[in-house]
Amino acid sequence: MLDIAFIRNNADAVREAIKNKRCDLDLDALLAADRARRDAIVELDKKRARKNEIAQLIPKATKEERPVLIEEGKAVKAGLEQLEPVLASANQRFEELMLRVPSMPRPEVPVGRGEEDNVEIRKVGSPRAFAFTPKDHVELMTLHRMVNWDGPRKYAGGRSYALMGTGALLELAVTRLAVDTLVERGLTIVIPPVMVKERAMTGTGFFPLGREEAYSISADELFLVGTSEVPLVSLHCDDVFDHSSLPIRYAGISNCFRREAGAYGKDTKGLYRVHQFTKVEQVVFCMPDEAIAEREHYALLSNAEAILAKLEIPYRVAIACTGEIGLGQTRKHEVESWMPGRDDGKGAYNETHSCSTLGDFQARRSNIRVRMPDGSMGYPFTLNNTAVASPRILIPLLENHQNADGSITLPEALVPYMNGVRTLTPPA
RNA sequence: GGAGGAGUGGCCGAGUGGUCUAAGGCAGCGGUUUUGAAAACCGCCGACGGUGCAAGCUGUCCAGGGGUUCGAAUCCCUUCUCCUCCGCCA
């Protein structure tokens, strides 16, 4: 969502953004809807002004004038009743289209169509050269009895799983490690609701276009969030921040629910792509200033990298191209962790973190504002990044730290969170 | 789940059918005074939209939606949220 005045004045630039982001939106239809809406407003406002005028005249009118005015008032009212639906439908059309308007990518975002056009920025650590054939996470987790694969699929459906024993402990450990890292870096930990109303989904930009991705609780008109970004950003919907209260930095911890519609048959093996997972997510509100947002963005990125460093997982950072960044994102970096078992055992870098700046996209949709130093109103910028998402993060964790005998040597930083255990040995 | 009460600008709060064009206060902004600050005093000050080069003119908004009326913050219906009590409950 952008300011309609900005869209009118920069139609070509917006058109370019729509094309580069591969959005499905006809800008001319939007501009036409805007025109229709404004025409209806002009006409309706004239009638409403007359209505108000008559209403003020009647109390002061003489006995003779009064019935005449009341008659005219009735006529004006009838006219209004005809025009109001016209404006309502023009508005509806306009708002529908506005919800599909992308934010403008930042200049540094490479133009491209798909993943192959993302630009790698750096690699940190290097994939380990195994002196033996490494196992993938499915073999390792099965060997360690970390997962019950079959039971949940019978009663909870495909892509479901249950973490068992050390598997469950590992999830709690990496989660807590991430939380402690972020708290130490000044973020406020939040455990938010995971069931939210539609406005939270729309306000954060996941609806209407991503509706099929969300589980809905139809009896109560609630939706399960796919990330705590949704409740954390919505925490401040309708709020007006004072400029002195920004930035606000949160770390949310929640279960996340994704239908993975459209991913049928993709990554069905193991725990790479599941319907329910646990994620620690970073969310920032900051002043609407690109330089500030950039600083916050790279701070979020470095927080995630610090966690990967503690987990001793090799990774690479890439900046996503225009075709790969979402509707609201103005800039996105992906952090991909090295997973030795992926790609049929050849190993591959795969996404474990996604760091985004959204400009004022979410603030506009969620009606979050900030009182600027000059007293005017502004829309704050929002940013977010994964800190850790489990079980996906367990894949590189286990695969990178495995030994020839199937045991796992835990990274030093994780040991305290595993009650002092340094090595996980497969149960007999 | 049942009964009752409440929801007004960034915040507090007055307002029960027609000068509401929403009082008043706090906060904010500008100024006077002051070595500086505070205090005091003076002035400005809701949001969003439409129109206009501009000054301005104008519309909408009193939790959301719908209704009654020539006219609604005010009356009616409904939903949501909060509070009190009762019931149930980890």
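Chain identifiers are assigned alphabetically (A, B, ...) following the order of the sequence lines, protein sequences preceding nucleic acid strands; residue numbering begins at 1 within each chain.
- The list of ring pair (Phe, Tyr, Trp, His ring centres under 6.0 Å) pairs with a residue in residues 282-308 of chain A, not counting sequence neighbours, reads His236(A)-Phe285(A), Phe241(A)-Phe285(A), His297(A)-His333(A), Tyr298(A)-His333(A).
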Let's go through His353(A) and Ile393(A) carefully: what are the C-alpha distance in whole Å and the side-chain angles of both, what is the deciding distance for side-chain contact (heavy atoms from CB on, under 4.5 Å) to 0.1 Å, and is it a yes or a no? CA-CA 9 Å; His353(A) 300 68; Ile393(A) 197 67; 4.2 Å; yes
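- For the pair Asp34(A) and Val240(A), both in contact range of RNA chain B, the more 5′-proximal nearest nucleotide belongs to Val240(A).
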Just the atom pairs and distances: protein N or O near nucleotides 18-20 of chain B's N or O, under 3.5 Å.
from: rG18(B); atom 1: N2; to: Ala55(A); atom 2: O; distance (Å): 3.1

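- Across all strands shown, nothing is found opposite rA23(B) as a Watson-Crick or G-U wobble partner with both distances under 3.5 Å.
- Evaluation of the salt bridge (Lys or Arg N to Asp or Glu O under 4.0 Å) test over residues 145-158 of chain A, restricted to residues two or more places apart or in two chains, returns none.
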Using a 4.0 Å heavy-atom cut-off, write out nucleotides 63-68 of chain B from 5' to 3' as B (base contacted by protein), S (sugar-phosphate only) or - (no contact). ------
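- Atom CE of Met372(A) is separated from atom P of rA27(B) by 23 Å (rounded to the nearest Å).
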Within the sub-3.5 Å range, which N or O atoms of nucleotides 51-56 of chain B have a protein N or O partner, and how far apart are they?
from: rU51(B); atom 1: OP1; to: Arg38(A); atom 2: NH1; distance (Å): 3.2
from: rU51(B); atom 1: OP2; to: Arg38(A); atom 2: NH1; distance (Å): 3.4

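- Within 6.0 Å of CZ in Arg185(A) there are more than 12 heavy atoms belonging to other residues, nucleotides or ligands.
- Rounded to an integer number of Å, the gap from Lys47(A) NZ to rG50(B) C1' is 16 Å.
- Rounded to a whole Å, the CE atom of Met377(A) is 12 Å from the P atom of rG9(B).
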List, with names and distances, any nitrogen or oxygen atoms from the protein found under 3.5 Å away from nitrogen or oxygen atoms belonging to nucleotides 74-80 of chain B.
from: rC80(B); atom 1: O2'; to: Lys197(A); atom 2: NZ; distance (Å): 3.4

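- Position along RNA chain B of the nearest nucleotide to Pro373(A) versus Leu69(A) favours Pro373(A) as the more 5'-ward residue.
- Arg37(A) comes within 4.0 angstrom of the backbone, heavy atoms only, and of no base.
- A gap of 15 Å separates the C1' atoms of rA22(B) and rC12(B), to the nearest Å.
- Asn52(A) has a side-chain polar atom (N or O) that falls below the 4.0 Å cut-off from OP1 or OP2 of rG59(B).
- Rounded to whole Å, the distance from CZ on Arg371(A) to P on rG9(B) is 13 Å.
- When only modelled atom types and interatomic distance are considered, Glu171(A) and Thr278(A) share a side-chain donor-acceptor pair under 3.5 Å.
- Here, rU60(B) and rA73(B) have their P atoms 10 Å apart, quoted to the whole Å.
- Put simply, CZ on Phe241(A) is 16 Å from C1' on rC11(B), counting in whole angstrom units.
- Between Arg364(A) atom CZ and rC48(B) atom P the separation is 10 Å, expressed in whole Å.
- Summarising the base pairing, rA6(B) is matched to rU81(B) through a Watson-Crick or G-U wobble pair whose two defining distances lie under 3.5 Å.
- For rU68(B), there is no paired nucleotide, since no Watson-Crick or G-U wobble pair has both relevant distances below 3.5 Å.
- Within the structure, side chain to side chain donor-acceptor pair (under 3.5 Å) pairs that include any residue of residues 68-94 of chain A comprise Arg50(A)-Glu72(A) (at least two apart or interchain).
- Residue Asp45(A) places a side-chain atom within donor-acceptor reach of the base of rG49(B), judged by atom type and a 3.5 Å distance cut-off alone.
- Under the 3.5 Å distance criterion, the side-chain polar atoms of Tyr161(A) are matched with a main-chain donor or acceptor of Gln276(A).
- Remark: Thr330(A) engages Ser103(A), Arg106(A), Thr357(A) in a side chain to side chain contact (heavy atoms under 4.5 Å, CB included) (not counting sequence neighbours).
- A salt bridge does not link Glu260(A) to Arg258(A): none of the charged side-chain nitrogens sits closer than 4.0 Å to a carboxylate oxygen.
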Less than 3.5 Å apart, which donor and acceptor atoms pair up between the side chains of residues 416-426 of chain A and the rest of the protein, not counting sequence neighbours?
from: Tyr417(A); atom 1: OH; to: Asp180(A); atom 2: OD2; distance (Å): 2.6
from: Arg422(A); atom 1: NH1; to: Glu412(A); atom 2: OE1; distance (Å): 3.0
from: Arg422(A); atom 1: NH1; to: Glu412(A); atom 2: OE2; distance (Å): 2.8
from: Arg422(A); atom 1: NH2; to: Glu412(A); atom 2: OE2; distance (Å): 3.3

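- Using Watson-Crick or G-U wobble geometry with both donor-acceptor distances under 3.5 Å, rC61(B) finds its partner in rG46(B).
- Base-pair partner of rU34(B): not found among the strands shown (Watson-Crick or G-U wobble, both distances under 3.5 Å).
- If you take atom P in rU69(B) and the same atom in rC82(B), they sit 35 Å apart, rounded to whole Å.
- The pair Asp117(A)-Arg113(A) does not meet the salt-bridge criterion, since no charged nitrogen lies less than 4.0 angstrom from a carboxylate oxygen.
- Among residues at least two apart or in separate chains, salt bridge (Lys or Arg N to Asp or Glu O under 4.0 Å) pairs with a member in residues 320-334 of chain A are Glu108(A)-Arg331(A), Glu294(A)-Arg331(A), Lys332(A)-Glu334(A).
- Between Lys269(A) and Asp136(A), at least one side-chain nitrogen of the basic residue sits less than 4.0 Å from a carboxylate oxygen of the acidic one, meeting the salt-bridge criterion.
- For Ala88(A), the side chain to side chain contact (heavy atoms under 4.5 Å, CB included) test picks out no residue, with sequence neighbours left out.
- Residue pairs meeting the salt bridge (Lys or Arg N to Asp or Glu O under 4.0 Å) criterion with at least one partner in residues 194-214 of chain A, sequence neighbours excluded, are Glu198(A)-Arg211(A), Arg199(A)-Asp238(A).
- One can place CZ of Arg48(A) at 13 Å from P of rG71(B), the figure rounded to the nearest angstrom.
- In a base pair of the Watson-Crick type (N1 to N3 plus N6-O4 or O6-N4) or a G-U wobble (N1-O2 and O6-N3), with each distance short of 3.5 Å, rC89(B) is matched with no nucleotide.
- One atom, NZ of Lys51(A), and another, P of rC70(B), lie 12 Å apart when rounded to the nearest Å.
- Judged purely by atom type and a 3.5 angstrom limit, Glu43(A) has no side-chain atom pairing as donor or acceptor with the backbone of Ala40(A).
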